[in-house]
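Working notes for the structure below.
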Amino acid sequence: MKTRITELFGIRHPIIQGGMHYVGFAELAAAVSNAGGLGLITGLTQKTPELLAKEIRRCREMTDQPFGVNLTFLPTLASPPYPEYIAAIVEGGVRIVETAGRSPEAYMPALKKAGVKVIHKCTSVRHALKAEAIGCDAVSVDGFECGGHPGEDDMPNMILLPRAAEELKIPFVASGGMADARSLVAALALGAEGMNMGTRFVATQEAPVHQNVKDAIVTATELDTRLVMRGLRNTERVLTNSAVEQLIEIERAKGADLKFDDIMEQVAGVYPRVMVDGQMDAGAWSCGMVVGLIRDIPTVQELIDRIMDEADQLITQRLAGFLDAVPA
């Protein structure tokens, strides 16, 4: 399948693996790229730029296909050394970066000078237009269904994607609620040039996370995610567990007086305990509503092949079958 996204990134299929904390290691990124999609190493999971450089080299040993690095710009007082992370990316020969969080504007000159193609994750049309204006090559449009941070507009993809298509000149992919061929075909119909999958890729054999995490995703339904930290305007969609329910009770009790310190125990330092140790009640971890569509734990190759085969059938058979026969 050829779209503006496959052409931009030099990939065979318009499927991107989202950047995910303690999930986006070389093993998963390489598997996605080898299967024809675009795999991403999660930059800040690597504690230092030197460790990121090492992870890039490891990924290079596993694939000769294009892959990228996710770099999230955090709203913190003590920012990571972003120029050094960017240097590690550039010196490692990576020419695709997914940016997220705050605007990458301050770092665009360095990225563009190095010939890096930038796709920025956005949760609104206004943010997508800003990304276009500062020189991003593409955007990933994140609907309200997504795991992680859906923004504060609560805009689902059935509205957000066609609005993005009306406004943007650069290509964009759909993110949030993406899991299978139906997701891809629907995204294409709504104006996207492909899709970004996060939660779905966690439930694959190559995802380097504890089996408990994969089993939890398969077991969960679309009703099992919760929105937390709304009162802090840092809304995050997570999979429910005992710690998350405790967090929600704290939020209710504190109301407008809620401070981050009140929920520190439920949100800080959670990912190693969940993803590495399999402690499913350790705290809040990002997960999309799309868990309701995930039934198995295939290899990445099996998953992407299945998506593309079924997408072809949906387009050429089911959708084409709705068209009236051309009169003789």
Side-chain angles (χ1 to χ4, degrees), residues 1 3 5-6 9-43 45 55-70 94 96 98 119 140 146-148 173-185 187 193-220 271 274-276 278 285-288 290-314:
M1 183 180 289
T3 74
I5 285 293
T6 63
F9 295 132
I11 55 180
R12 298 194 303 279
H13 307 309
I15 298 174
I16 297 174
Q17 167 235 322
M20 296 171 283
H21 202 35
Y22 275 85
V23 181
F25 292 98
E27 292 88 348
L28 181 58
V32 173
S33 291
N34 284 333
L38 179 65
L40 295 176
I41 295 170
T42 305
T45 295
E55 195 70 7
I56 289 171
R57 289 194 296 271
R58 240 178 26 101
C59 193
R60 188 78 65 195
E61 293 171 357
M62 299 178 192
T63 183
D64 59 359
Q65 299 300 306
F67 66 89
V69 173
N70 163 277
V94 176
I96 302 168
E98 178 196 60
I119 178 168
S140 178
C146 73
V173 297
S175 182
M178 303 292 118
D180 54 29
R182 296 169 298 183
S183 310
L184 176 58
V185 174
E193 303 280 344
M195 67 178 180
N196 178 301
M197 298 196 303
T199 303
R200 172 67 268 199
F201 276 126
V202 182
T204 58
Q205 292 181 27
E206 291 91 342
V209 302
H210 199 283
Q211 186 64 35
N212 289 353
V213 178
K214 302 179 186 185
D215 292 342
I217 289 173
V218 172
T219 302
Y271 279 84
V274 174
M275 299 298 174
V276 178
W285 56 281
S286 297
C287 184
V290 75
V291 288
L293 299 176
I294 299 173
R295 307 274 191 269
D296 61 357
I297 306 173
T299 67
V300 167
Q301 186 75 59
E302 289 168 347
L303 175 61
I304 290 181
D305 285 349
R306 181 169 72 197
I307 289 172
M308 297 313 300
D309 288 345
E310 292 180 359
D312 182 80
Q313 293 173 26
L314 278 173

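This is a predicted model, so every value here is computed, not measured.
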**OP:** Might you point out which heavy atoms bring A31 and E206 nearest each other, and give the distance in Å?
**Re:** CB-CG, 3.8 Å

Original post:
Can E27 and R58 be counted as an ion pair, charged N to O under 4.0 angstrom?
Top reply: yes

**OP:** Compare every heavy atom of G68 with every heavy atom of V94, then report the nearest pair and how far apart it is.
**Re:** CG1-CA, 3.8 Å

**OP:** Please name the pair of heavy atoms, one in A203 and one in I217, separated by the smallest distance, quoted to 0.1 Å.
**Re:** CB-CG2, 4.0 Å

Original post:
Salt bridge between D312 and R306, side-chain N to carboxylate O under 4.0 Å?
Top reply: no

Original post:
Is there a donor-acceptor pair under 3.5 Å between the side chain of T219 and the backbone N or O of A216?
Top reply: no

**OP:** Apply side-chain contact (heavy atoms from CB on, under 4.5 Å) to the pair M275 and V213, showing each step before the final yes or no.
**Re:** CA-CA 7 Å; M275 299 298 174; V213 178; 4.0 Å; yes

Subject >> Test applied, side-chain contact (heavy atoms from CB on, under 4.5 Å); reference residue, V23; option that passes from V209, L40, T45 >> reply: V209

**OP:** Determine whether Y22 and V274 make a side-chain contact, defined as any pair of heavy atoms from C-beta on separated by less than 4.5 Å.
**Re:** no

**OP:** Say whether, by atom type as modelled, one donor and one acceptor occur between the side chain of N34 and the main chain of M62 under 3.5 angstrom.
**Re:** yes

Subject >> Under 3.5 Å: donor-acceptor pair, side chain of T199, backbone of G288 >> reply: yes

Original post:
Mind checking whether F67 and R60 have side chains closer than 4.5 Å, heavy atoms only?
Top reply: yes

Original post:
How many angstroms lie between atom CG of N196 and atom CD of Q17, to the nearest 0.5 angstrom?
Top reply: 8.5 Å

**OP:** Measure the OG1-CD1 distance between T6 and I16 for me, rounded to the nearest 0.5 Å.
**Re:** 10.5 Å

Original post:
Within a strict 4.5 Å, meaning less than it, do heavy atoms of the Q65 and R12 side chains meet?
Top reply: yes

Original post:
Which heavy atom of G37 sits nearest a heavy atom of I11, and at what distance?
Top reply: O-CG2, 3.6 Å

**OP:** Indicate yes or no: at least one non-hydrogen side-chain atom of M195 is less than 4.5 angstrom from one of I307.
**Re:** yes

Original post:
In Å and rounded to the nearest 0.5 Å, what is the CD1 to CD1 distance from I119 to I5?
Top reply: 5.0 Å

Original post:
Under the 3.5 angstrom rule, does the side chain of R182 hit a backbone N or O of V185 as a donor-acceptor pair?
Top reply: no

Subject >> Residue pair P14 / V173, side-chain heavy-atom distance below 4.5 Å >> reply: no

Original post:
Any donor and acceptor pair, going by atom type alone, linking the side chain of S33 with main-chain N or O of P66 inside 3.5 Å?
Top reply: yes

**OP:** Hey, could you give me the CG/CG distance between L293 and D180, rounded to the nearest 0.5 Å?
**Re:** 6.0 Å

Original post:
Just wondering, do M20 and S286 contact through their side chains at under 4.5 Å, heavy atoms?
Top reply: no

Original post:
Looking only at heavy atoms, which two atoms of P298 and R200 are closest? And how far apart?
Top reply: CD-NH2, 3.2 Å

Subject >> M197 side chain reached by L303 side chain, heavy atoms, under 4.5 Å >> reply: yes

Original post:
Does the N212 side chain pair with the main chain of G278, one donor and one acceptor, at a distance under 3.5 Å?
Top reply: yes

Original post:
Do K214 side-chain atoms and T204 backbone N/O form a donor-acceptor pair below 3.5 Å?
Top reply: yes

**OP:** Find the distance between CD1 (I297) and CD (Q205) and round it off to the nearest 0.5 Å.
**Re:** 8.0 Å

Subject >> N70 backbone acceptor or donor facing T42 side chain under 3.5 Å >> reply: no

Original post:
Between E310 and A181, what is the shortest heavy-atom contact and its length?
Top reply: CB-CB, 3.5 Å

Subject >> Approximate separation, where rounding is to 0.5 Å, of I15 CD1 and I304 CD1 >> reply: 5.0 Å

